[in-house]
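Throughout, protein chains are lettered first and strands after them, A, B, ... in sequence-line order, and every chain is numbered starting at 1.
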2 protein chains.
Amino acid sequence: MLSKEELIKQTAKELFFSKGYLHATTQEIADAAGVNRSLINYYFRSRDLLFQTVYREAVDGLKLQLDKVLYDKIPFKEKLNLFIDVYMKELMKYPYRESFLITEICSKNFALKEKKKSAALAHFLQEIAQEMEKGTIKKGEPIQFMFNLFALMAFPVIMTPLYQKLLDISKEKYNKLIADRKQIILESIFN
Amino acid sequence: MLSKEELIKQTAKELFFSKGYLHATTQEIADAAGVNRSLINYYFRSRDLLFQTVYREAVDGLKLQLDKVLYDKIPFKEKLNLFIDVYMKELMKYPYRESFLITEICSKNFALKEKKKSAALAHFLQEIAQEMEKGTIKKGEPIQFMFNLFALMAFPVIMTPLYQKLLDISKEKYNKLIADRKQIILESIFN
DNA sequence: TTGGCGTTTAACAATTTTGTTAAACAAAAA
DNA sequence: TTTTTGTTTAACAAAATTGTTAAACGCCAA
């Protein structure tokens, strides 16, 4: 069973990352979690600190996720296959996690920090450079390859509600389109 | 010279779309515009209506932008070249416009509407299908082609603050990377 | 000049949101 | 049993945000 503190955090993440409800008040979070609002202040002191905690855990989680897959000593193509699978599953669960992070960074009282490149990422960039040499993938800046990869995975998921509107597509059909993307991404990436 | 009403709207767009400051209060918008806060109520009645107005104009603007380029009777490759140019310029000016739209759609009191596919978009999808037949571009679902296109353009721009942090890249270098993307996108799209 | 009209402002009121405090509660330790 | 500790709650207080009103202002036309 979840501690109330954990419950509050998970509920906040649910609201932010899954529902894209970035304006959530402490009352709304408390209601969604089924706890008294004062508990938020008891465990996190202030709304701001709750947000900071959620932000930090999201960034750490993102890094951890990268580390786990990108360090593996498996063939490149296999690794990408696995990575896309893992990352897109996460995207389905938390489509707005990246949006939340960006919004927080852009918000008024945001304290910069970070500033140490993920080691796994650096390693992966090297691996990409090697594969470019080998000719498995198109030559170019490895970072641009990563940009492409993440863009192709994340953007259509993030844009779901708007694209559904603009294209007048049913939820089911849209889900199908997203599900098909893994293969499409792989095809568009490899020579 | 801009009317105050227009000034308020433009300033709000500046805060939302350019600065990604989606939590802006009416006071902050008024300050940024250099007008008395009451003017917002005078011209827009309520904060909510200001947001709705900005939302609507953003969607309409987006559609208009698509219409202008996508209806042109110019060769496909040329059209895409032009389109990427136009859209990415807009993205540089308003990197968070799409984020704002998504956040609004996900927000509590959002009234659905829309539900008529842009004619230009439908036309463009047909054109894509034709080009697939011709073999100019890889065969597949035309919508997926569009997903890819928009993702490759928008996502790295939207993610700028986070990626700059995670990759520990200077603003200048990041801008260079973004500038290079037009060519990269064109290459990754055509056979 | 005066009266009317749209604009702008400050002052106020109402509401919403957040933070604090003290008391109630429950379970384990003394 | 009483104490202690940590948890939970309701009531209150403070702050922030939004909305309203009436008066002031400026400008043009009568």
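The B:Y42 side chain lies nearest to C:dT8 when the options are D:dT21, D:dT17, C:dT8. Of the candidates D:dG19, D:dA10, D:dT8, the closest approach to any side-chain atom of B:R37 belongs to D:dG19. Of the candidates D:dT20, C:dT8, D:dT9, D:dT20 carries the atom nearest the B:S38 side chain, counting heavy atoms from C-beta on. You'll find that the side chain of B:R47 is closest to D:dT18, out of C:dT9, D:dT18, C:dT7. Closest to the side chain of A:L39, out of C:dG19, D:dT9, D:dG19, is D:dT9. For B:N36, counting side-chain heavy atoms from C-beta on, the closest listed nucleotide (C:dT18, D:dA10, C:dA10) is C:dA10. Side-chain atoms of B:S46 lie closest to D:dG19 of the nucleotides C:dA10, D:dT18, D:dG19. If you check C:dT18, D:dT18, C:dT9 against the side chain of B:T26, the one that comes closest is D:dT18.
Environment of CD in B:Q126: sparse, with no more than 12 heavy atoms of neighbouring residues, nucleotides or ligands closer than 6.0 Å. More than 12 non-hydrogen atoms from other residues, nucleotides or ligands lie less than 6.0 angstrom from NZ of A:K139.
A donor atom on one side chain and an acceptor atom on the other are not found under 3.5 Å apart for A:E6 and A:S3.
A:L50 has its CG atom 15 Å from the C1' atom of C:dT17, to the nearest Å. One interatomic measurement links the two molecules: CD1 of B:I40 to P of D:dG19, which rounds to 10 Å at whole-angstrom precision. Separating the CZ atom of B:F51 from the P atom of D:dG19 is a distance of 11 Å, rounded to the nearest angstrom. Rounded to a whole Å, the CG atom of A:N109 is 12 Å from the P atom of D:dA16. The interatomic distance linking B:I8 (CD1) with D:dT18 (P) rounds to 14 Å, in whole Å. The separation between A:E6 atom CD and D:dT7 atom C1' is 17 Å, rounded to whole Å. Atom pair A:D48:CG and C:dT17:P shows a separation of 17 Å (rounding to whole Å applied). Summarising the geometry, the separation between CG on A:L49 and P on C:dT18 is reported as 14 Å, rounded to the nearest angstrom.
The main-chain N or O of B:Q52 is never found under 3.5 Å from a side-chain atom of B:E104 such that the two would form a donor-acceptor pair.
Residue contacts for A:Y43: at a heavy-atom cut-off of 4.0 Å it reaches the sugar-phosphate backbone alone, with no base atom in range.
Taking 3.5 Å as the limit, the base of D:dT18 and the side chain of B:T25 contain no donor-acceptor pair of atoms between them.
Sequence order on DNA chain D of the closest nucleotides to A:V35 and B:R45 puts A:V35 first from the 5' end. Remark on DNA chain C: of its neighbouring residues B:K108 and B:G34, the 5'-side contact belongs to B:G34, judged by nearest-heavy-atom nucleotide.
Nearest approach of B:A129 to B:P142, heavy atoms of both residues: CB-CG, 4.1 Å.
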